[in-house]
Amino acid sequence: MALLPIITAPDPRLKTVADPVAVVDGEIRKLVDDMYDTMYDAPGIGLAAVQVGVMKRVLVMDVIGKNAKEGDPQPHALINPEITWVSDHDSTYEEGCLSVPQHYAEVVRPAEVKVKYLDVDGQEQELEADGLLATCVQHEIDHLDGILFVDHISALKRNMILRKLLKIKKQAS
Ligand code: GNR
Ligand code: NI
């Protein structure tokens with residue numbers, strides 16, 4: 001069990017495009033394990049490696065969670081994920097982000113997606129997602145491309161949120 005510190009905005013690393021994983025080895029599997037620990041502890045429904053300062057195309061998700069009263073955990077670990085199809089209808093979800101603490105905003109995204117990726121054994125897989133999982137996987141893939149949910153809202157709201165977060169950082173330092 002290892003918890004990794006989560007980076008918060010504004011931070012240049014959160015605006016950086018992450019590198020593809022060349023080989024899915026023990027180091028990547030350890031990263032995935034630590035990311036699960038960190039995500040469940042936070043708690044969050046998803047986490048991208050970029051958020052723990054590792055600039056690799058790795059993400060984990062569980063929209064059910066470990067302490068859910070109903071339903072079993074649904075952990076997913078995606079390496080080098082690529083969206084291969086999006087539905088032509090959209091869904092709006094009030095999103096939050098562990099890297100943008102205490103702020104929430106409605107984001108419009110395709111309601112359903114298909115995602116091709118490598119699993120922790122290096123095998124190619126495809127995920128078909130709808131509902132919250134579809135929102136989450138798009139939010140996480142955005143992180144790997146240096147995009148935050150606030151980049152999908154108006155510049156006015158985005159700048160207000162980022163200014164508030166910067167102020168908190170300055171007060172803490
Ligand atoms: O925990 C999280 N909740 C969430 C809610 C709505 C849309 C996306 C998310 S992902 C977020 C965790 C996080 O920041 N992942 O990058
Ligand atoms: Ni996030």
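Start at 1 and go down the list; that is how both ligands and their atoms are numbered.
Closest to the Ni ion (ligand 2) among the N, O or S atoms of His143 is NE2.
When only non-hydrogen protein atoms are considered, atom 8 (C) of ligand 1 lies nearest to His139 ND1, 3.5 Å. Ranking protein heavy atoms by distance to atom 10 (S) of ligand 1, first place goes to Glu140 OE2, 3.6 Å. Summary of contacts: the protein heavy atom closest to atom 3 (N) of ligand 1 is Ile45 CG1, 3.4 Å. Nearest protein heavy-atom neighbour of atom 6 (C) of ligand 1: Glu95 CA, 3.6 Å. What sits closest to atom 14 (O) of ligand 1 on the protein, heavy atoms only, is Leu98 N, 2.8 Å. When only non-hydrogen protein atoms are considered, atom 12 (C) of ligand 1 lies nearest to Gly46 O, 3.2 Å.
Between the side chain of Arg13 and the backbone N or O of Gly53, no donor-acceptor pair lies under 3.5 Å. Checking side-chain atoms of Glu140 against main-chain N and O of Val137 turns up no donor-acceptor pair under 3.5 Å. A donor-acceptor pair under 3.5 Å is absent between the side-chain atoms of Asp130 and the main chain of Leu133, judged by distance alone. Side-chain N or O atoms of Gln138 include one that pairs as donor or acceptor with a backbone N or O of Pro110 at under 3.5 Å. For the pair Thr92 (side chain) and Val108 (backbone), a donor-acceptor distance under 3.5 Å is absent.
For the residue pair Asp62/Tyr40, the side-chain donor-acceptor check at 3.5 Å is satisfied. No hydrogens or angles considered: a donor-acceptor pair under 3.5 Å links the side chains of His89 and Glu112.
When Gly96, Cys136, Ala105, Pro101 are checked for heavy-atom proximity to atom 9 (C) of ligand 1, Gly96 turns out nearest.
Interface atoms of ligand 1 facing Cys97, defined by a heavy-atom separation under 4.0 Å, are 14 (O).
Counting heavy atoms closer than 4.0 Å to ligand 1, residue Gln51 contributes side-chain atoms (C-beta onward) but none from N, CA, C or O.
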